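Presented below is the structure to which this report refers.
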Amino acid sequence: WQRRRKIRRWQEKKSEKEFAICFSVHEKNELNRYINTLVRIKEIDLPGVVKLYGYKIYIDECDHLKYFKEDIFYGNNENYFYLIRILDLMKNGNIKKLLTKNHQQKEQFNKIINPTNINKFIFGVCSTMKSLHDIQFIHRNLKPTKIFLDENYEPRIMLDVESVFLNGKNYLNESHKLYSGVRVRYFVPYLNSIFNAPEILEEYDYSYPVDVYSFAIVLYSIFSSKTPKKRIKGQKVQLIQPLNISDDIWKLIKSCSSEDPNQRPSFEEIVMRLKEERINFDKNDFNLIEFLEYQNRIENSDCDVINDFS
């Protein structure tokens, strides 16, 4: 079977506010796990996260699915269910779209990826992931298609059903409690991209460091304008420093992409480092006031819980 996802724009008539409707197809044997994850994701309210307002699960096809006209699903319908989610609309798209623009519209890309926005991107993703890890949330699938840009080109992370809450009943395994925290062994066939940490691809126990590794490869892709070649099982990913990456960013990428998860810094450590010494850029191009305002806004936003489960 082939997994498919489509996103459409939808406007509420009364408020005229626009939302994104995401339609996807999943295996039925994952239904209970996905429901538990969606309930928890709906509670998360962070400025660096694409907000989930609601969702609907269909065990069988229905008239609502006709809205998605393309043939997006191939397989035996008896083994799958349909998921529709209502999310914040990110009009500037995701990082993958921005990377595509790097080749097509170089001038516009350089205007967007300026020193101020790069600092905001790095700090925003790291600070948001730190907050998510604080509530025992592992993204597991952080990549350019999961990081969106809002109207100010500030990063917003999309939380997906592939994610894991370590304190959830479906994942907690007492035998996997190690010094670095709860670890999980939960292999998913489609978590096999270049952005996934080696411990996931090798089907080892894993924990929070998998997200740090993914972040490093995303950052590398932005500066190199391409993703590394897909790794072969048992081999290391070869990263070569592009000319336009400063030594500060390169050190960050190298430490976060270590093959040994215990050698990777935590997002808390990265955030502390970024606060002590900002990534080295030409001061003439860096808007310190704008960045500090963003940093203050991100840092002072707790992971609020929305109690409305309607």
Side-chain angles (χ1 to χ4, degrees), residues 2-26 30-31 34-58 61-73 80-101 108 112 117 120-121 124-125 128-129 131-132 137 139-163 190 193 195 214 218 222 297-298 301 303-306 308-310:
Q2 290 180 284
R3 196 162 165 269
R4 289 289 185 267
R5 173 183 288 118
K6 291 291 181 181
I7 298 179
R8 294 287 182 270
R9 179 180 297 193
W10 173 71
Q11 185 178 55
E12 186 183 39
K13 291 183 179 180
K14 186 175 181 180
S15 65
E16 295 187 351
K17 182 177 180 179
E18 291 186 312
F19 298 90
I21 296 182
C22 179
F23 170 82
S24 54
V25 182
H26 308 273
E30 300 282 1
L31 179 58
Y34 282 0
I35 290 175
N36 291 335
T37 302
L38 286 165
V39 169
R40 298 293 304 278
I41 289 177
K42 189 170 180 288
E43 298 177 358
I44 297 176
D45 188 26
L46 286 169
V49 164
V50 178
K51 177 62 183 170
L52 172 65
Y53 292 99
Y55 59 90
K56 183 71 174 180
I57 291 173
Y58 297 95
E61 291 191 49
C62 66
D63 291 339
H64 295 286
L65 305 182
K66 294 179 181 178
Y67 179 71
F68 301 88
K69 298 179 181 179
E70 288 89 340
D71 184 12
I72 67 172
F73 174 68
Y80 304 95
F81 71 90
Y82 304 88
L83 172 64
I84 294 180
R85 285 167 289 164
I86 301 178
L87 305 156
D88 272 330
L89 179 65
M90 299 287 106
K91 295 183 179 180
N92 285 320
N94 55 41
I95 295 298
K96 183 178 181 179
K97 178 181 177 182
L98 192 62
L99 291 175
T100 303
K101 284 186 176 181
Q108 181 181 358
I112 296 169
N117 284 344
K120 289 164 69 175
F121 177 86
V125 171
T128 300
M129 288 306 305
S131 297
L132 292 172
F137 177 95
H139 194 291
R140 296 201 306 170
N141 201 23
L142 194 66
K143 56 186 179 180
T145 55
K146 302 292 183 180
I147 305 178
F148 288 77
L149 297 171
D150 65 14
E151 62 276 8
N152 299 314
Y153 289 96
E154 296 171 356
R156 302 274 290 274
I157 299 173
M158 182 178 180
L159 309 183
D160 221 333
V161 288
E162 295 93 350
S163 304
Y190 45 79
S193 75
F195 300 96
S214 298
V218 169
I222 290 176
R297 176 158 39 92
I298 291 293
S301 58
C303 191
D304 298 327
V305 175
I306 302 299
D308 179 15
F309 287 93
S310 58

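Quick caveat: nothing in here was measured; it's all calculated off a predicted structure. Note: hydrogens, waters and symmetry copies are ignored here, and every other heavy atom, side chains too, is used.
A donor-acceptor pair under 3.5 Å links the side-chain atoms of Ser163 to the main chain of Asp160, judged by distance alone. Side-chain atoms of His139 never come within 3.5 Å of backbone atoms of Glu162 as a donor-acceptor pair (strictly under, hydrogens ignored). Between the side chain of Asn94 and the main chain of Lys146, no donor-acceptor pair closer than 3.5 Å is present. In terms of modelled atom types and a separation under 3.5 Å, the side chain of Lys97 and the main chain of Thr145 share no donor-acceptor contact. Of the possible polar contacts, one joining the Ser214 side chain to the Phe195 backbone as a donor-acceptor pair under 3.5 Å is found.
Looking at Lys120 and Glu154, a side-chain N of the basic residue comes within less than 4.0 Å of a carboxylate O on the acidic one, giving a salt bridge.
In this pair, Tyr34 and Phe81 present their aromatic rings perpendicular. The plane angle is above 60°, beyond the 30 to 60° band.
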Begin with the C-alpha distance, continue with both residues' side-chain angles, and end with the deciding distance and a verdict on side-chain contact (heavy atoms from CB on, under 4.5 Å) for Val125 and Phe121.
CA-CA 6 Å; Val125 171; Phe121 177 86; 4.0 Å; yes
Applying side-chain contact (heavy atoms from CB on, under 4.5 Å) to Leu159 and Leu132, what does each step give before you reach the verdict?
CA-CA 10 Å; Leu159 309 183; Leu132 292 172; 3.8 Å; yes
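The CD atom of Glu43 lies 11.5 Å from the CG atom of Leu38; values are rounded to the nearest 0.5 Å. Here the straight-line distance linking atom CD1 of Ile147 with atom CD1 of Ile222 works out to 7.0 Å at 0.5 Å rounding. Going from atom CG of Asn92 over to atom CG of Asp150 covers 7.5 Å, rounded to the nearest 0.5 Å. Note that the CG atom of Leu83 and the OH atom of Tyr58 stand 10.5 Å from one another [nearest 0.5 Å]. Put simply, CD1 on Ile41 and NZ on Lys51 are 10.5 Å apart, with the number rounded to the nearest 0.5 Å. Within the model, atoms CG of Leu52 and CG of Asp45 stand 11.0 Å from one another, a figure rounded to the nearest 0.5 Å.
With sequence neighbours excluded, the residues satisfying side-chain contact (heavy atoms from CB on, under 4.5 Å) with Leu89 are Arg9, Glu18, Ala20, Lys91. Qualifying side chain to side chain donor-acceptor pair (under 3.5 Å) partners for Asp88, counting only residues two or more places apart in sequence or in other chains: Tyr53, Arg156.
In plain terms, the two heavy atoms of Pro155 and Gly124 that are nearest each other are CG-CA, 4.1 Å. For the pair Leu46 and Ser131, the tightest heavy-atom approach, listed with the atom from each and the gap, is CD1-CB, 3.8 Å. Leu142 approaches Ile157 most closely through the heavy-atom pair CD1-CG2, 3.9 Å. Closest non-hydrogen pair, Gly54 versus Lys42, comes out as CA-CE, 4.0 Å.
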